[in-house]
Undergrad: 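Questions regarding the structure given below will be posed in turn.
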Amino acid sequence: MEGLPKQYDPHQVEKKLYQEWEENNYFAPRGNGQSYTIPMPPPNITGELHMGHALNNTLQDILTRWRRMAGDRVLWLPGTDHASIATEARVAATLKEEGIEKKELGREEFLQRVWEWKYKYGGMITEQLRRLGSSCDWSRERFTMDEGLNRAVIEAFIRLYNKELIYRGDYIVNWCPYCETTLSDIEVEHEEKDGHLYHIRYPLADGSGELIIATTRPETMLGDTAVAVNPEDERYRGFVGKKIILPLLDREIPIISDSYVDPEFGTGALKITPGHDPNDFEVGRRHDLPRINAMDEKGIMTEAAGPYAGLDRYAARKKVLADLEEKGLLSRVEDYEHAVGHCYRCDQEIEPLVSKQWFVKMKPLARPAIQAVQEGDVCFVPERFDRIYLQWMEEIRDWCISRQLWWGHRIPVWYCQGCEKEIVAREEPADCPKCGSDELEQDPDVLDTWFSSALWPFSTLGWPENTQDLQSFFPADVLVTARDIIFFWVARMIFSSLEFMDQAPFDDVLIHGLILDTDGKKMSKSMGTGIDPLEVIDDHGADALRFALVNGFTLGNDNRFRHEKVEAGRNFTNKLWNAARFFLMNLGDFDPSGRQLNPQDLPSRWILSRMQTWTEVIDEHLKSYRFSDYAREIYEYIWNEFCDWYIEMAKPALQAEAKSPEKEETLTVLWHVLGGLLKMLHPIMPFVSEEIWKALPGGEGTIMYAPWPRPNKDLVDREAEEEMETLQSVIRSIRNIRQEMNIPPGRKVEAKFFLEGDQHELLKKGKDYLNRLAGISEYSLYTWEQERPEHAVSAVTRGIEVVLPLAGLMDLKEEFNRLEKKKEKLEQEMERVEKQLSNPGFVNNAPGHLVQKEKEKREAFKADYELLCKRYRQVKSALESGK
RNA sequence: GCACCCUUAGCUCAGUUGGUCAGAGUGCCUGCUUGACAUGCAGGAGGUCCCCUGUUCAAGUCAGGGAGGGUGCACCA
């Protein structure tokens, strides 16, 4: 084993281990423990692994590996999402580069190409997830467009349709003229834009005057069918019912009154364009106004726009303004900042447009979904996200689900060309059930991608079939996802699951924030500020990346990515690697497996006792999803307790050449503790923990199924912990003195300890450790009362006065100053304790154990203080007499 | 406009239900080729926990107000 390299090299390890895990099918659920399910948020097939994915999947993997070791029958179910718009746009763009237009290719041929593209590139991200170490069950991998999921989508559509929760109708929708499809409300992103508010004169038909209306979008006036004023508005009361001339087109339109109009805004007169504004659409419905589509699907003005027909919307705006100006109808232009909707995929301005679309009626579905969260069937972690969810759910509007795209689940509706009957069916019907015509045409549109994602927690398990998997693994235990997807996905899964499964899809929803760049900005591919997780893995290994992503972050908050954190993670893997190396180098032919733990020496009693605390603490953190605490704590146990203290203290016993009971016991304890630490580390650092595990005696098989450590009360040893703390404190005091006195590390010194009788034994036991860790060659023990040497440096801790006689090496004056500082500090602390204890409010109201604690503290301080003062006086008088 | 988050050491951030909570990593300073590890070891310096006012025996921690930074939702054209 001495062949182990001095530095841990993840490249040698990660690929090999992952392959082994996957080949052995370790990721699939096994055993007959209780089931534990996590549905993986399916990344888009167009996607490449970014830091968000890396964080998201690290968290899921931690839970998965932890529960698996704890004995659960764990299913972490992976897959990918077909992402209609993104994929269609991507493939269309690729074709365009070859000089092929999507429309020329035709639907069937185009879809053929998309599938080809999917097979070629769609698996890329799943390969990348493997590099991260994700232990999801690839044998159950699903794709939102695979056959089973398609069945689920059609079933869902039909059931909702039959309950009249899906309907088709003419409504105003969000339209992206670039993608040429509708978008749901949440797919529109509002951005504040500097624009203008144009005040336009509309002359009255009877020539008796004019009204001035204000608009940010003058080109839409071409579709105006009314001007509205508030019924309460005195200024315009006489105008209601009159006709007004729409400038440029000279169309006569009515002046109506509607309380929607805000008299305070602009001039108080509002142009009404039911065809191109959602609010105006509603006004139009109330007043039975005609709807004019002045703009088409590409944002080009239609025939209805008269002379402006054929212009695109931006050109039309310019021309409309120029013409108004020329005619003197533009009364005023003011700067105005307003929110403009943009397509979340292509970032083009969206256009409100009236068209015939399919919608899901949301109110009846939202009600139980609200209840589920209110009643705690679904818990958001952190809790505050339930308010965000509820607020959205309570104000939800109907969901437009049809998309004018080819790539996606085709809407299972056929229209009879003979009698116009609408036929909803699982399979293509042969003829119309009403009129018998066989001329049927399927709706050309596909469904919103999120319609299929909404079914993910159960469609992936076989629904609508009542499969074994569905019975075993539904509902899921946890969903881990990013904040920006709560509405798109989480909300929709909840109401879909309640509707189709009659149950919430998962118990807990973990919401994590974004990984920001070093400057605290959102990482952006186009800006080049993204950091590629794969590069980080190449440089430092997946374990280091995982650790960096989890350590020091709070669930739900954004977190800056820093290279230093990855380096810290890498250093940690290396530290552990070398601790293991040390153990293996000392192992010889010793086989610790099967040996009883019966620790006699102090460090062993101590570390085993500490380990019982670790196992409890770590488990608690994981149970409460405190990933950061888990990472920090395991780091601390390994580095600061196991490596810094236990290994160092184990060295004397191990250095004995011959086999000895001490040596064997120490090896047994080292083996046991190291194994336990590896297991507790495994969820977050799966590779290095497995690699070391395999090198340990008895480490056959995989750490993935090594039993999760449980606390053993018999090994808890408070006395050992107390004694160890004292010993550590003494060693630290000596190190401190040595450093301050510039004693070279190699130089051994002599010490005198002044202490109470019951501590003599401890110091005697500590001989080897004091020698090794504090450089104390010889020492002698005295009682508190005995005489101290004058020319010496001293420190007091835990009732022990450490005295290093350093005549010649020290300056008495300096020592005096040192003591004075220590004395002052101790006085301050004593004062604080004294104040607490003399406060009747505290003594009477605080819990008893806290009062007790303060009292004990007071006693301990007092003892130390007396020692310190005695020494202080001695040095002081020595100084004075020396003058 | 409404809601939420953040403000703690030079930097990046932890601090569960109020009671050693003033922490970690990194950076900085001082020593160290100590036979696991210089991706390391040892020691050290660094903070009005944004400000104000309350509640309490006790407040980074709770309440109210304010300042600065960020995000989401909704928009009156």
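Just the heavy atoms: all of them, side chains too, but no hydrogens, waters or symmetry mates, feed the values below. Lettering follows sequence order; numbering is per chain, from 1.
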Undergrad: Syn or anti for B:rG60, taking syn as within 90° of 0?
TA: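 You should classify B:rG60 as syn.
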Undergrad: Assign A:Gly552 to base, sugar-phosphate, or nothing according to its heavy-atom contacts below 4.0 angstrom with the strands shown.
TA: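 Result for A:Gly552 = sugar-phosphate.
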Undergrad: Mind checking the C1' distance from B:rG18 to B:rA74? Whole angstroms is fine.
TA: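 Rounded to whole Å, the distance is 37 Å.
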Undergrad: Are any of the side-chain nitrogens in A:Lys623 or A:Asp619 under 4.0 Å away from the carboxylate oxygens of its partner?
TA: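 Yes, charged N to carboxylate O under 4.0 Å.
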Undergrad: For this output row, return yes or no: ring centroids of A:Tyr344 and A:Phe488 closer than 6.0 angstrom.
TA: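 Judged by ring-centre distance (under 6.0 Å), A:Tyr344 and A:Phe488 do meet the cut-off.
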Undergrad: Does the structure place the NZ or CZ of A:Arg387 under 6.0 Å from the centre of the six-membered ring of A:Trp392, at an angle of no more than 45° from the ring's axis?
TA: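 Here A:Arg387 fails the 6.0 Å and 45° test against A:Trp392.
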Undergrad: Would A:Asn771 and A:Lys748 count as a side chain to side chain donor-acceptor pair (under 3.5 Å) if you check the C-alpha gap in whole Å, the side-chain angles of each, and the deciding distance to 0.1 Å?
TA: CA-CA 8 Å; A:Asn771 185 322; A:Lys748 300 277 178 186; 2.7 Å; yes
Undergrad: Can you tell me how far P in B:rU20 sits from the matching atom in B:rA59, rounded to whole Å?
TA: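 Nearest-Å result for B:rU20 against B:rA59 at atom P: 12 Å.
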Undergrad: Picking from B:rA74, B:rC41, B:rA3, which would you name as closest to the side chain of A:Gln391?
TA: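 The listed nucleotide nearest to A:Gln391's side chain is B:rA3.
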Undergrad: Checking all strands, does A:Glu648 fall into the base, sugar-phosphate, or nothing category for heavy-atom contacts under 4.0 angstrom?
TA: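 Base contact.
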Undergrad: From C-beta outward on A:Leu197, which listed nucleotide comes closest to its side chain: B:rG40, B:rU20, B:rA77?
TA: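 The listed nucleotide nearest to A:Leu197's side chain is B:rA77.
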Undergrad: When all nucleic acid strands are considered with a 4.0 Å heavy-atom cut-off, which category describes A:Ile388: base, sugar-phosphate, or nothing?
TA: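 Nothing: the residue A:Ile388, judged by heavy atoms under 4.0 Å, touches no strand.
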Undergrad: Between the base of B:rU30 and the side chain of A:Gln739, is there any donor-acceptor pair under 3.5 Å?
TA: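 Present.
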Undergrad: Could you work out which one of B:rG19, B:rA14, B:rA74 sits closest to the side chain of A:Asn557?
TA: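 Of the options given, the side chain of A:Asn557 lies nearest B:rA14.
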Undergrad: With rounding to the closest Å, how many angstrom separate the C1' atoms on B:rU8 and B:rC13?
TA: 9 Å
Undergrad: Give the nucleotide from the list B:rC57, B:rA36, B:rC32 with an atom nearest to the side chain of A:Arg581.
TA: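 Given the options B:rC57, B:rA36, B:rC32, the side chain of A:Arg581 is closest to B:rA36.
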Undergrad: Looking at A:Arg626 and B:rU16, is any side-chain donor or acceptor paired with a base atom of the opposite kind under 3.5 Å?
TA: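 When only heavy-atom distances are counted, A:Arg626 does reach the base of B:rU16 through a donor-acceptor pair under 3.5 Å.
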Undergrad: Taking the C1' atom in each of B:rG27 and B:rA45, what is the distance between them to the nearest angstrom?
TA: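 13 Å, rounded to whole Å.
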Undergrad: Donor-acceptor pair, A:Asn839 side chain versus A:Gly841 backbone, under 3.5 Å?
TA: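 At least one qualifying donor-acceptor pair exists.
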Undergrad: Distance check, P atoms only: B:rG54 and B:rC2, in whole angstrom units.
TA: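 My reading of the P atoms in B:rG54 and B:rC2 gives 27 Å.
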Undergrad: Remember a base hit wins even if backbone is also touched, and classify A:Asp484 as base, sugar-phosphate or nothing at under 4.0 Å, heavy atoms.
TA: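 Nothing, no nucleic acid heavy atom in range.
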Undergrad: As a test of reading the structure: which of B:rC4, B:rC32, B:rA36 is closest to the side chain of A:Lys651, going by heavy atoms?
TA: B:rA36
Undergrad: Among B:rC75, B:rG35, B:rC37, which nucleotide has an atom closest to any side-chain atom of A:Asn574?
TA: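 Of all the options, the side chain of A:Asn574 is nearest to B:rC37.
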Undergrad: Under 4.0 angstrom, heavy atoms only, what part of the nucleic acid is A:Arg560 near: base, sugar-phosphate, or nothing?
TA: sugar-phosphate
Undergrad: Taking only the C1' atom of each, what is the distance from B:rU34 to B:rC49 in whole angstrom?
TA: 40 Å
Undergrad: Reckon A:Arg397 touches a base, only the sugar-phosphate, or nothing at all at heavy-atom distances under 4.0 Å?
TA: sugar-phosphate
Undergrad: Are a donor atom and an acceptor atom from the side chains of A:His199 and A:Glu334 found within less than 3.5 Å of each other?
TA: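 Yes, A:Glu334 and A:His199 have a side-chain donor paired with an acceptor closer than 3.5 Å.
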Undergrad: Would you classify B:rG25 as syn or anti? Syn applies when the glycosidic angle is within 90° of 0.
TA: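 Base orientation relative to the sugar is anti.
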Undergrad: Choosing from B:rU12, B:rC37, B:rA42, which nucleotide comes nearest the side chain of A:Lys575?
TA: B:rC37
Undergrad: Roughly how many Å apart are B:rC21 and B:rG60, using the C1' atom of each and rounding to a whole number?
TA: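 Rounded to whole Å, the distance is 8 Å.
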Undergrad: With a 4.0 Å cut-off on heavy atoms, is A:Pro847 in touch with a base, just the backbone sugar-phosphate, or nothing at all?
TA: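 Base contact - A:Pro847 has a heavy atom under 4.0 Å of at least one base atom.
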Undergrad: Does atom CZ (A:Arg397) have a neighbourhood of more than 12 heavy atoms from anything else shown, all under 6.0 Å?
TA: no
Undergrad: Looking only at the side chain of A:Asn571 (C-beta and beyond, no hydrogens), which of the listed nucleotides B:rA36, B:rA3, B:rU39 gets closest?
TA: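 Looking only at side-chain atoms, A:Asn571 lies closest to B:rU39.
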Undergrad: Tell me what A:Thr554 touches on the nucleic acid: a base, only sugar-phosphate, or nothing, going by heavy atoms under 4.0 Å.
TA: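 Touches sugar-phosphate only.
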Undergrad: What nucleotide among B:rC5, B:rA77, B:rC73 has an atom nearest to a side-chain atom of A:Leu270?
TA: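 Among the listed nucleotides, the one closest to the side chain of A:Leu270 is B:rA77.
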Undergrad: Have a look at A:Tyr336 and say if it touches a base, only the backbone sugar-phosphate, or nothing, with a 4.0 Å heavy-atom cut-off.
TA: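 Sugar-phosphate contact only - A:Tyr336 comes under 4.0 Å of backbone atoms but never of a base.
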Undergrad: Please list, by residue number, the residues of residues 216-224 of chain A whose heavy atoms come closer than 4.0 Å to an atom of RNA chain B; answer none if no residue qualifies.
TA: A:Thr216
Undergrad: Using the P atom as the reference point in each nucleotide, state the distance between B:rA14 and B:rC50 in Å, no decimals.
TA: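 B:rA14 and B:rC50 have their P atoms separated by 13 Å.
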Undergrad: Quick one: label A:Ala214 by what it contacts on the DNA or RNA (base, sugar-phosphate, nothing), any heavy atom closer than 4.0 Å.
TA: base
Undergrad: Does any N or O donor sit under 3.5 Å from an N or O acceptor when you compare the side chain of A:Lys6 with the base of B:rA38?
TA: no
Undergrad: When all nucleic acid strands are considered with a 4.0 Å heavy-atom cut-off, which category describes A:Asn844: base, sugar-phosphate, or nothing?
TA: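 Since no nucleic acid heavy atom lies under 4.0 Å of A:Asn844, the category is nothing.
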Undergrad: Taking the basic N atoms (NZ, or NE/NH1/NH2) and the acidic carboxylate oxygens, is any pair closer than 4.0 Å for A:Glu834 and A:Arg858?
TA: yes
Undergrad: Salt bridge check: are A:Glu854 and A:Lys857 linked by an N-O gap of less than 4.0 Å?
TA: yes
Undergrad: Please determine, for the side chain of A:Phe582, which listed nucleotide (B:rA74, B:rC13, B:rA36) has the closest atom?
TA: B:rA36
Undergrad: Taking atom types as modelled, is there a side-chain donor on A:Asn174 or A:Asp185 under 3.5 Å from an acceptor on the other?
TA: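 Side chains of A:Asn174 and A:Asp185: pair found under 3.5 Å.
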